[in-house]
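Reviewing the structure listed below.
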Amino acid sequence: MPELPEVEVLARHLRPLLIGKKIRTVSVHRARVLEPTSAAQLKRALRGATFRKLARRGKYLVFELKRASARSPLTLVGHLGMTGRMYLLPRAASLPKHAAVVMDLGREQFVYEDTRYFGRFTLNANSISQLGPEPLNDEFNPKTFAAALARSRQAIKTKLLDQSLVAGVGNIYASESLYRAGIHPSRSVARIGLPRWQRLAAAVVEVLGEAITQGGTTLNDFADGEGNSGYFQVSLSAYGREGEPCARCGREIRRLVQSGRSTFYCPGCQR
DNA sequence: CACCATGTTCCTTG
DNA sequence: CCAAGGAACATGGT
């Protein structure tokens, strides 16, 4: 459940549940997700710490904690990879098969589970510093967008996944944004002029914003970690619709592979 | 068995 | 040094 909108919805859900809660102990079931932090480091740093803030940056969750002893706040960075989830469970509840890190909060436990263990839960904030502008802020606009691509000839779809260009767009919303902007995913970024950049930037903002709004209706799914996240309740126009008629022009949605990842587009609407 | 999957990083090649 | 492409990571669903 991992692109920007899903992470934003999760952050809004977790924020009131975590702020003010104190961590008693931390158990690490899969140390790989902590890298480069060690299990011992994480346990020592978090024991007795209290959640103060929770923010989102791109697809990352940024937890700020206060340690009982000390002055400087502690930053914990979470990323859900492809299959990560975070939620609270009652203290006695049994853990899921792929629980990676569990924090004992007293009457509850804060669980990070991740089937494929591609995600991260770490004290290292390095990857965050490499992120490009937030698409839902005004630091993101068509000009910074176009300027960042000056020397590239890659396909625009591939570039949209580059987190140093825009933070938070993933494989699903890249297809959706290009569909909305009417731009062919294979178009070289060198051949995109200002009007197209403007349409694309606007489309990215709209698509992500709408997904957040729609994700807001399925918040309850995060609470118990059961069943589906509600992710695919967001209505998608292109992604996953190969062979189905385009809602705008009726031609069949096609699938192609770029840099090893599926792209869905309408050959009629996207040039 | 084959292929697909919401992501990032590392390695190789040019 | 840079850009670009592909494999690796790990598990499960169809």
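Reminder, nothing fancy here: chain letters follow the sequence lines and each chain counts from 1.
Pair assignment for B/dG14: C/dC2, on the basis of Watson-Crick or G-U wobble contacts that are both within less than 3.5 Å. Using Watson-Crick or G-U wobble geometry with both donor-acceptor distances under 3.5 Å, C/dT11 finds its partner in B/dA5.
B/dC11 sits 15 Å from C/dA10 when the P atoms are compared, rounded to a whole Å. Taking the P atoms as reference points, B/dA2 lies 16 Å from C/dA8, given to the whole Å. Between B/dC3 and C/dA7, the distance separating the two P atoms is 13 Å to the nearest Å.
A straight line from CE of A/M82 to C1' of C/dA8 spans 13 Å, rounded to a whole angstrom.
Both A/R261 and A/S127 lie close to DNA chain B; mapped to their nearest nucleotides by heavy-atom distance, the more 5′-ward contact belongs to A/R261. Mapped onto DNA chain C by nearest heavy atom, A/R32 and A/H98 fall at different nucleotides, with A/R32 at the one closer to the 5' end.
When side chains are defined from C-beta on, A/K53 does not count as touching A/R15, because their heavy atoms never get closer than 4.5 Å.
For A/R116 against B/dA5, a side-chain N or O and a base N or O form a donor-acceptor pair under 3.5 Å.
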Worksheet entry | Derivation and outcome, salt bridge (Lys or Arg N to Asp or Glu O under 4.0 Å), residues A/E8 and A/R56 | CA-CA 6 Å; A/E8 176 62 28; A/R56 178 196 56 73; 2.7 Å; yes

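Among the protein residues, A/S262 comes within range of the sugar-phosphate backbone only, with heavy atoms under 4.0 Å from sugar or phosphate atoms but none that close to a base. Residue-level contact check: A/T83 touches neither bases nor backbone, having no heavy atom under 4.0 Å from any strand. A/G260 comes within 4.0 angstrom of no nucleic acid atom, judged by non-hydrogen atoms across all strands.
Here the side chain of A/S259 is nearest to one of C/dG5, C/dA10, B/dG7, namely C/dG5. The side chain of A/K159 sits closest to C/dA4 out of B/dT8, B/dT6, C/dA4. Nearest to the side-chain atoms of A/P2 among the listed nucleotides C/dA10, B/dG7, C/dA4 stands B/dG7.
Annotation: cation-pi pair A/R32/A/Y117 absent, no NZ/CZ under 6.0 Å from the ring centroid and within 45° of its normal. Because its NZ or CZ atom is both nearer than 6.0 Å to the ring centre of A/Y179 and within 45° of the ring axis, A/R248 counts as a cation-pi partner of that residue.
Look at A/K97 and you won't find any side-chain N or O under 4.0 angstrom from OP1 or OP2 of C/dT11. The side chain of A/R255 places an N or O atom within less than 4.0 Å of a non-bridging phosphate oxygen (OP1 or OP2) of B/dC4. The side chain of A/K59 contributes an N or O atom lying less than 4.0 Å from OP1 or OP2 of B/dG7.
Using a 5.5 Å limit on the distance between ring centres and a 30° limit on the angle between planes, the aromatic ring of A/F118 counts as stacked on the six-membered base ring of C/dC9.
A/K21 has a carboxylate O that lies under 4.0 Å from a charged side-chain N of A/E108, or vice versa, which qualifies the two as a salt bridge.
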